[in-house]
Amino acid sequence: MKGKVASTGYGIGEAVVVEKETLKADKEHCEDVNTCIDAFREAIEKSTEELRTIREKSTESLGEEHAAIFDAHIEMANDVEIKQQVESKIENDGVKAAYAFQEVTEQFIEMFENMEDDYFAARAADIKDIQQRVLGHLLDKPVKDLSLLDSASIIVARDLAPSDTAGLNIEHVRGFVTEAGGTTSHTAIIARALGIPALVGVEGALENVEEKDTLLLDAHEGELHVNPDEKTLADAKEKIRAQEAERERLKPFAKKKTETADGKAMPLYANIGTPKELIATNEHGAEGIGLFRTEFLFMDTASMPDEGTQLEAYKEVFDTIQPVIVRTLDIGGDKALPYLEMPEEANPFLGHRAVHLTLSEPELFNTQLRALLRAAKDQKELRIMFPMIATVEELKRAKESLARAESELEKEGKDYQRNVKVGIMIEIPAAALNARALGKHCDFFSIGTNDLIQYVYAADRMNEHVAYLYRPLDPVLLSLIKDVTDAAQETDTEIGVCGEMAGDFDAALILFGLGLDELSMSPARILPIREALSRLRLEQLSTLADDALKADGPEEVRRIVQAFKDKHLNT
Ligand code: PEP
Ligand code: MG
């Protein structure tokens, strides 16, 4: 089977198929009341045991605060009222445990769902989760917990939600395969963050893969082999050994700062979406976070995270690594929030999204800004970045919102970070063209090439039919980046790139040659680039960038970079 490479690498493992069918129990007669009650109690016990293990694992990988949700699940699973109602239903109605449990929990779910309050709506989802877990045991189809994997596995799913990957046992995951999703989907981003090979858009994966099949994932060529022959497997194992040897070779660079052979610092930062991804950042030696996409914290829950919840999540990141460029909510386009009314739009990517949206949702924006200011109170500074700024007016309005949050906290006597650096994403062509004016009103820029390229070429970044117009190495785009970089230097504005392009090895060399101050990428991309830069001089990179700007098209740029690597890096 073929798919799109979302995160490169080879992986071999047993298939773990995650099919999300909602379990339903039929009304069946219970022959013996005691046996049925015992079965129910045993299912609760098993579920509680599982929840305890998941709790433990997610404390390790995600931290105490994320794990606490499972305490609530354990409590709900053992709720005395539910237990009594189920057991009396078995006794009085003569039905089997699965049906009795389903009926009782369904009542609670309905009751919570009907409450207007967001908090209770979220509790309904929690009970549903528990219901499915317990039913899984009673119907002999246990829910698959990705935190409980204990051998080399490749996960096959239609798509994975953030909650599926929470507590994931990374140690045993050798790959992800999903039917859905583009290379910027949640699974893709998580896979890259964790350095796990992944293929997305693999049609028919669920149909053609059986649980425990041996899978060979070739996330270089974009191929998935099911039960491959000995020879193919042996070849792949050889490639995996080479991959591991390369990892070993690069390991010492994880502790170093990035600088050229002639001592010019070129910081390589990581992109993250949740505090969880900090594990990979550390392992790959990121020198900071160049893009913290906060929207994932908002997409991960059934209701709007309040100021306190946000504060905790931001603080966890700020306390672990510095510097951090944190981007305010970038929703809209392909990213919806279940609890925020967002009317359907004819052109969502040209619609009410990112800062255009938060500016018209002052409460939402204010809560986030307050949480950020408070969370960074013990740091040296706070770097806030606004996404999708199109005009100077928008930037001014965003800064006014920030000033409002600051003055509120001042009045309330709450402690907050006063040294705030304001930055913007340069991802709308108008902003790129107007960088000189924008630079006068902010401290830093970060070029979002994912969106900038889609808007420059008018080609949807999720649409495979126009994927050929994703042209990061086109001299047309490179010269636009060069103009923005020159404008930044003239206005004393720091400038980085945080789109996927920054993590492309060839592009990274050119970008530093163009004069960028920092690059931010998927953590797994950092070390090869750092190692290469340590062998190059600034002047060589500048010459490479000049040659690329003069080239005929992206193919010629690739050839120029290849010749450069052959000459200077021996690759
Ligand atoms: C970008 O557009 O390049 C970017 C980094 O933002 P996102 O991918 O989150 O839109
Ligand atoms: Mg963007």
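One-based numbering, in listed order, for ligands and for the atoms of each.
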ask   = Of the listed options (R327, M425, E427, M388), which comes nearest to atom 9 (O) of ligand 1 when hydrogens are ignored and any heavy atom counts?
value = R327

N/O/S atom of D330 inside 2.8 Å of the Mg ion (ligand 2), strictly under = no

key: Matching residue for K2 among E203, E223, E221 - test: salt bridge (charged side-chain N to carboxylate O under 4.0 Å, His left out)   =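 Among E203, E223, E221, the one meeting salt bridge (charged side-chain N to carboxylate O under 4.0 Å, His left out) with K2 is E223.
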
message = Could you check whether D306 and T309, counting side-chain N and O atoms only, form a donor-acceptor pair closer than 3.5 Å?
response =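 The answer is yes; a qualifying pair exists.
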
Minimum-distance N/O/S atom that D451 presents toward the Mg ion (ligand 2) =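 Of all N, O or S atoms in D451, the Mg ion (ligand 2) lies closest to OD2.
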
ask   = Do you know which N/O/S atom name in E427 is closest to the Mg ion (ligand 2)?
value = OE1

So is there a nitrogen or oxygen of [X] less than 3.5 Å from a nitrogen or oxygen in ligand 1?
| X | result |
| --- | --- |
| E295 | no |
| R293 | yes |
| E500 | no |

I'd like to know if [X] and [Y] make a salt bridge, using a cut-off of under 4.0 Å between side-chain N and carboxylate O.
| X | Y | result |
| --- | --- | --- |
| E408 | R404 | yes |
| E287 | R530 | yes |
| R383 | E494 | yes |

Contact partition for L291 relative to ligand 1, non-hydrogen atoms under 4.0 Å = side chain

ask   = If you measure from each non-hydrogen atom of R461 to ligand 1, which part falls under 4.0 Å: side chain, backbone, both or neither?
value = side chain

Where ligand 1 meets G499 - atom numbers and elements under 4.0 angstrom, heavy-atom basis =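 Answer for ligand 1: 3 (O), 5 (C).
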
ask   = Would a distance-only check, ignoring hydrogens and angles, find a side-chain to backbone donor-acceptor pair under 3.5 Å from E259 to S534?
value =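 A pair under 3.5 Å: no.
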
query = Do R327's NZ or CZ and the ring of F292 fall within the cation-pi criteria of under 6.0 Å and 45°?
reply =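 Verdict for F292: no cation-pi partner in R327.
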
